[in-house]
Q: 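One structure follows; several queries about it will come next.
Per chain, numbering begins at 1; letters A, B, ... match sequence-line order.
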Amino acid sequence: MSKNDVTRRGVLRTGAVAGAGLALPTIFTASSAAAFTNEPTGGTVTLGFNVPQTGPYADEGMDELRAFELAVEHLNNGGGCLDTFSSKALKGNGILGKQVKFVTGDTQTKSDAARASAKSMIEKDGAIMISGGSSSGVAVAVQGLCQEAGIIFMAGLTHSNDTTGKDKKKNGFRHFFNAYMSGAALAPVLQKAYGSDRKAYHLTADYTWGWTQQESIQAATEALGWQTVNNVLTPLAATDFSAYIAPVLNSGADVLILNHYGGNMVNSLTQAVQFGLRDKMANGKQFEVVVPLYSELMAKGAGANIKGVFGSTNWSWTLQDAGTQAFVKAFGAKYGFPPSNAAQTCYAQTLLYADAVERAGSFNPCAVAEALEGFEFDGLGNGPTLYRADDHQCFKDVLVMKGKESPANEYDALEVVEVTPRAQVEYAPDHPMFAGGDLGQCNPGA
Amino acid sequence: MDDIILQILNGLDKGSAYALIALGLTLIFGTLGVVNFAHGALFMIGAFCAVTLQKLLSLERIEVSATEKTAWGTPLEIKTPYAELWFGHDFGAAIIDWSVPLAILFAIPVMLAIGYVMERGLIKHFYKRPHADQILVTFGLAIVLQELIKHYYGANPIPTPAPSAFRGSFDFGVLLGFDAGSIIYPYWRMVYFAFSAVIIGAVFAFLQFTTFGMVVRAGMADRETVGLLGINIDRRFTIMFGLAAAVAGLAGVMYTPINSPNYHMGMDFLVLSFVVVVVGGMGSLPGAVLAGFLLGILESFASYSPIKNFFETWLFLPSIDQIIIYLVAIIILLTRPRGLMGRKGVMED
């Protein structure tokens with residue numbers, strides 16, 4: 001008779017000890033080889049540009065890609081805004097002496113697709129930083145992913161208050177302005193042009209950006225004394241807005257505020273003009289239309305309907321400062337036409353990231369974040385700018401634009417009517433429209 | 001009351017588009033028995049016929065200035081439309097201005113040709129295949145067509161305005177005894193409604209009063225018997241496919257001033273047009289037209305904010321404007337399974 005001493009508990013105990021022993025060197029190896037996610041080891045460093053290459057914002061995404069490509073060219077070889085940037089850390093020899101390479105992903109303007117492409121660029125291509133986007137929903141989703149992965153996210157075009165409000169993250173940074181700033185910049189111009197006794201009717205795209213845009217512009221115009229007659233949420237997928245616009249005629253309103261972007265804006269503005277709203281008199285005043293957020297590409301789509309309509313932008317290629325001139329000349333020489341404000345924010349973000357790495361002397365995201373927080377700079381086209389430490393939002397002048405009456409060419413649809421000074425669009429970090437979020441801790445990953 | 005009239009008017013132009021697309025779908029389904037998910041893409045291609053003609057008529061002679069430069073540093077290009085160079089400034093400008101109505105002449109042969117090639121090259125191979133196969137292949141074709149359009153024309157909407165004579169709007173308020181400016185309706189939408197009525201009338205007249213149409217109607221009712229009489233029904237059905245494509249294309253051409261066309265516009269209409277066909281009664285041409293207008297008007301009312309708020313507050317149904325067509329479709333199919341005008345025995349093998 002043989003005695004078997006092997007018990008189930010014994011096997012488990014032995015297995016656990018052996019497993020831990022085998023795993024221990026791996027854990028040590030991982031933590032000793034890389035202090036943070038995708039630490040560059042060779043002579044190159046890879047940046048990931050995540051933009052809509054298909055879907056409704058593909059044209060905007062292409063313009064962003066052009067700007068990213070130009071930024072990488074300037075980082076590696078000098079030129080462009082490297083000569084006008086107030087920080088002189090960038091020398092045109094890459095980042096920390098490493099040649100800059102880039103990979104691209106297609107967000108399709110869908111949060112899940114954007115997260116998947118960002119994840120792939122981080123895990124498969126070793127991207128050290130992710131930038132891009134043409135939608136706040138996408139930006140918030142990718143920012144969250146970068147926070148979890150220990151990667152810096154330099155947001156592209158995202159205008160919702162939530163990006164640096166309730167959804168802000170320690171690893172995420174936004175150069176673009178936001179919905180609150182649009183409202184704060186537009187309100188005084190609207191008061192000057194249309195007076196304080198106005199009744200506004202809002203049509204609002206039914207998603208995060210639309211809600212915060214509407215809330216912001218309503219607060220700003222009500223502070224002027226305007227009344228809000230109605231706010232109707234319209235589906236993001238809507239193309240025909242006539243059924244939403246027709247009730248405006250008899251609503252008692254004398255201003256229509258279109259909290260729409262992209263194709264929504266093109267269609268709703270076109271249809272508002274078709275329904276004669278711009279020729280109508282209401283309450284003894286000329287009926288007016290306002291589009292709080294403009295984009296050059298959408299202005300082009302709306303054609304002549306945009307004439308005389310007020311809105312706001314982050315930047316315009318028509319500005320005359322040295323930073324703008326340098327960027328526009330470099331972009332125009334390479335592509336044959338001027339850049340959009342989506343392109344400018346992507347270009348600026350890439351340079352700002354590279355500059356922060358140079359100043360920090362490390363690619364470690366926590367060191368980079370520290371270098372960006374509270375950073376004051378100039379020479380990138382927006383005048384003196386602050387990257388506020390409290391919420392990672394850039395504060396700079398905001399442009400109030402108007403559809404031009406006689407555009408000289410297809411890129412000349414909008415004109416700057418006022419450069420709203422930075423002080424006028426600033427707000428406290430705990431402002432109610434931005435409440436509910438927490439930057440949290442920096443995550444270096446690895 | 002004025003708001004109600006406005007919503008009815010609004011529903012008419014959307015209903016016109018639904019009716020025209022659904023009419024073509026029904027013609028194809030009724031004659032060939034094919035469920036054509038590429039029909040929305042044909043509507044979109046029609047719209048891009050208007051865009052193409054506008055671009056062709058607006059082609060410009062470009063002279064590069066030797067001395068002047070643009071603000072972005074490239075040599076200044078001085079552009080003059082060829083139409084103005086060849087026909088004089090005023091007449092040339094008028095031709096460009098009328099590019100959308102002129103596109104009807106351009107779109108008819110293009111759409112007939114596309115319809116013919118589509119039917120002979122692809123669809124005919126799927127006549128005897130299950131509907132699921134037909135849906136897959138035509139849906140795939142629709143995606144290919146829309147991606148091609150996006151590649152060549154971009155993703156953003158392209159402004160394609162109506163002739164300046166039809167811009168602006170008509171004040172129905174004054175006409176109907178209401179306050180001036182209370183019922184305003186754009187001229188071009190009136191043109192679109194009238195155009196749709198003419199096209200629908202022409203299709204019905206063609207089917208009702210010509211020998212060709214009589215054979216097609218007979219074939220729709222009993223294909224086998226017509227074949228036994230020695231009539232080549234397949235050839236006639238191929239022509240009907242081309243005709244249905246042309247109807248969808250013309251609906252797209254004339255819709256461009258209402259909504260700036262983009263590559264996705266066909267898909268936006270496709271699913272709703274199928275619902276229209278089912279609600280109208282599969283194979284029923286009058287049913288498709290009736291359901292098109294009915295659902296267009298219903299959708300318009302559901303977007304009216306007092307109604308929208310009522311559904312949200314009292315019936316806990318948010319975004320009723322997005323679901324009303326499907327809700328009504330469910331109710332109609334529960335109470336009249338063959339749709340509004342579907343007849344027993346038709347399309348029920």
Side-chain angles (χ1 to χ4, degrees), chain A residues 52 54-62 206 230 232-235 237-247 249-251 262-263 266-267 270-271 273-277 279-282 297-298 300-305 317-318 325 328-333 335-339 409 411-412, chain B residues 2-3 6-7 9-11 13-14 17 70-74 77 79 147 150 154-162 167-171 173 178-189 257-260 262-265 268-269 299-306 308-309 318-319 321-322:
Chain A
T54 56
Y57 294 153
D59 288 355
E60 210 147 43
M62 288 312 294
D206 195 4
N230 201 356
V232 177
L233 298 177
T234 60
T239 53
D240 187 0
F241 292 88
S242 56
Y244 301 102
I245 287 168
L249 292 167
N250 303 315
S251 64
V266 171
N267 287 326
T270 302
Q271 287 158 20
V273 173
Q274 284 172 359
F275 272 82
L277 285 181
D279 307 320
K280 185 180 160 67
M281 295 295 288
L297 295 169
M298 302 311 158
K300 203 169 142 189
N305 298 314
W317 67 267
T318 59
Q325 293 284 303
V328 171
K329 287 255 163 65
F331 193 98
Y335 302 112
F337 48 85
N409 54 60
Y411 307 107
D412 190 35
Chain B
D2 37 7
D3 281 342
L6 253 176
Q7 293 304 330
L9 287 171
N10 272 328
D13 54 66
K14 195 109 189 246
T70 60
W72 51 94
T74 52
E77 293 177 340
K79 299 174 179 177
E147 288 303 312
K150 194 175 78 182
N156 283 332
I158 301 168
T160 319
R167 288 177 209 159
S169 44
F170 182 73
D171 194 341
F178 293 98
D179 292 339
S182 60
I183 306 175
I184 285 175
Y185 197 63
Y187 289 124
W188 188 258
R189 289 180 186 245
I258 294 176
N259 260 354
S260 299
N262 67 21
Y263 73 100
H264 202 261
M265 66 188 296
D268 298 336
F269 276 90
E299 198 183 15
S300 176
F301 270 100
S303 309
Y304 181 40
S305 56
K308 214 177 154 186
N309 293 341
S319 306
D321 46 339
Q322 291 298 288

Q: Sequence neighbours excluded, which residues qualify as salt bridge (charged side-chain N to carboxylate O under 4.0 Å, His left out) partners of A/Asp412?
A: A/Lys404
Q: Out of B/Lys308, B/Arg167, B/Glu77, return the one with the most heavy atom pairs under 4.5 angstrom to chain A.
A: B/Lys308
Q: What part of A/Asp279 gets closer than 4.5 Å to chain B, counting heavy atoms only: side chain, backbone, both or neither?
A: neither
Q: Please round to the nearest 0.5 Å and tell me the distance separating atom CD1 of B/Ile184 and atom CD1 of A/Ile245.
A: 12.5 Å
Q: Where does B/Asp13 contact chain A at under 4.5 Å (heavy atoms): side chain, backbone, both or neither?
A: side chain
Q: Looking at B/Asp171, B/Asp268, B/Ile258, which one has more heavy-atom pairs under 4.5 Å with chain A than the rest?
A: B/Ile258
Q: Between B/Phe170 and B/Tyr187, what is the ring plane arrangement, given parallel below 30°, perpendicular above 60°, and tilted in between?
A: tilted
Q: Side chain, backbone, both or neither: which part of A/Lys329 has a non-hydrogen atom closer than 4.5 Å to chain B?
A: both
Q: Measuring from B/Ile183:CD1 to A/Leu249:CG, what's the distance to the nearest 0.5 Å?
A: 9.5 Å
Q: Using a cut-off of under 4.5 Å for heavy-atom pairs, which of B/Ser169, B/Pro306, B/Gly73 has the most such pairs with chain A?
A: B/Ser169
Q: After noting the C-alpha distance and the side-chain angles of A/Asn230 and A/Ser251, does the key distance pass the side-chain contact (heavy atoms from CB on, under 4.5 Å) rule?
A: CA-CA 8 Å; A/Asn230 201 356; A/Ser251 64; over 6 Å; no
Q: Using heavy-atom distances under 4.5 Å, tell me whether B/Ser260 contacts chain A through its side chain, its backbone, both, or neither.
A: both
Q: Which answer fits A/Asn305, side chain, backbone, both or neither, if we ask what part of it has an atom under 4.5 Å from a heavy atom of chain B?
A: neither
Q: May I ask you to name which of A/Thr318, A/Asp240, A/Asn409, A/Val232 has the most heavy-atom pairs under 4.5 Å with chain B?
A: A/Asp240
Q: Rounded to the nearest 0.5 Å, what separates atom CG in B/Asn10 from atom OH in B/Tyr185?
A: 6.0 Å
Q: Picking from A/Ala246, A/Pro339, A/Pro338, A/Pro247, which has the most non-hydrogen pairs under 4.5 angstrom with chain B?
A: A/Pro338
Q: Give the member of B/Gln322, B/Gln7, B/Lys14, B/Arg189 that has the highest number of heavy-atom pairs under 4.5 Å with chain A.
A: B/Arg189
Q: To the nearest 0.5 Å, how far apart are OG1 in A/Thr234 and CG in B/Asp321?
A: 9.0 Å
Q: Looking at every heavy atom in both B/Gly154 and B/Tyr263, which two are closest together, and how far apart are they?
A: O-CD2, 4.4 Å
Q: Which bit of A/Tyr411 is near chain B, if near means a heavy-atom gap under 4.5 Å: side chain, backbone, both or neither?
A: side chain
